[in-house]
K.L.:
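Got a structure here, written out as structure tokens. Questions coming.
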Number of protein chains: 2
Amino acid sequence: MKKPTYHILVCNSFRGAGDANGACKKKGAPQLMQYITEEATDRGLDVAVTSTGCLNVCSEGPVIVIHPDNLWYGKVETEDAIDEILDALEGGEICEKYLISD
Amino acid sequence: MKKPTYHILVCNSFRGAGDANGACKKKGAPQLMQYITEEATDRGLDVAVTSTGCLNVCSEGPVIVIHPDNLWYGKVETEDAIDEILDALEGGEICEKYLISD
């Protein structure tokens, strides 16, 4: 296999009952994931896009993580947000706007 | 949030019908994930362990990925295999035995 340069994780966690803080899936993660995949492909990025179980920062959902940079982004709710994050990735920068603070 | 130093991904993919090559879940991924979590905690590693959807290397399942090192390990079928991989991680080394070749 050819390892991807970037690995974008998209939390797709859901709760069968109850609401709590999170549930990225309910907040639109599946649609986000599809858009990320399409957009990354259009940009020619060497990336794998993978759905995940709970990333344990539910209050920040929808959450995505970009490795190897170990960037954790939250409140990624729109295609525009994805565009900004991918623009930063292509530019070798961090998109501070959506970065989950330490 | 405090970002973890390491992020260990455990493929938990399954297929409702059909068999194909893969289905890491059927090959024991949930038990592996529990063991990784317990063992990493015992070792005091600063790690997040996350289940994922299909990582698209089904023939190598069960598959785990360790970031930020971008290490893709396959045929990780036993607790001994996990021990070897975590030993390597603690030693700052790569566990060649389970590495999925390029």
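Hydrogens, waters and symmetry mates play no part in the numbers below; they use all other heavy atoms, side chains included. Lettering of chains follows the sequences in order, A, B, ..., and the numbering in each one begins at 1.
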K.L.:
Would A/I36 and A/I85 satisfy side chain to side chain contact (heavy atoms under 4.5 Å, CB included), going step by step from the backbone distance to the final call?
P.N.:
CA-CA 10 Å; A/I36 292 169; A/I85 288 167; over 6 Å; no

K.L.:
Between atom CG of A/L55 and atom SG of A/C24, what is the distance when rounded to the nearest 0.5 Å?
P.N.:
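Output value for this atom pair is 7.0 Å.
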
K.L.:
Which one, A/A48, A/P68, A/C11, leads in non-hydrogen pairs under 4.5 Å with chain B?
P.N.:
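Winner by heavy-atom pair count: A/P68.
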
K.L.:
Once rounded to the nearest 0.5 Å, what's the spacing between atom CD1 of B/I66 and atom CG of B/L89?
P.N.:
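With rounding to 0.5 Å, CD1 (B/I66) is 5.0 Å from CG (B/L89).
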
K.L.:
Could you show, one pair per line, the donor-acceptor contacts under 3.5 Å between chain B and chain A?
P.N.:
from: B/M1; atom 1: N; to: A/S101; atom 2: O; distance (Å): 2.9
from: B/K3; atom 1: NZ; to: A/N70; atom 2: O; distance (Å): 3.0
from: B/P4; atom 1: O; to: A/N70; atom 2: ND2; distance (Å): 3.0
from: B/H7; atom 1: ND1; to: A/H67; atom 2: NE2; distance (Å): 2.9
from: B/S51; atom 1: O; to: A/G53; atom 2: N; distance (Å): 2.8
from: B/G53; atom 1: N; to: A/S51; atom 2: O; distance (Å): 2.8
from: B/H67; atom 1: NE2; to: A/H7; atom 2: ND1; distance (Å): 2.9
from: B/N70; atom 1: O; to: A/K3; atom 2: NZ; distance (Å): 3.0
from: B/N70; atom 1: ND2; to: A/P4; atom 2: O; distance (Å): 3.0
from: B/S101; atom 1: O; to: A/M1; atom 2: N; distance (Å): 2.9

K.L.:
To the closest 0.5 Å, what do you measure between CD1 (B/I94) and CG (B/L99)?
P.N.:
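B/I94 atom CD1 to B/L99 atom CG measures 6.0 Å (nearest 0.5 Å).
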
K.L.:
A/L32 and A/L71: same hydrophobic cluster, using ILVMFWY side-chain contacts below 4.5 Å?
P.N.:
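Yes, because A/L32 and A/L71 connect within a single hydrophobic cluster, where side-chain heavy atoms sit under 4.5 Å apart.
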
K.L.:
From B/I8 CD1 over to B/L45 CG, what is the distance, rounded to the nearest 0.5 angstrom?
P.N.:
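Rounded to the nearest 0.5 Å, the CD1-CG separation comes to 7.0 Å.
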
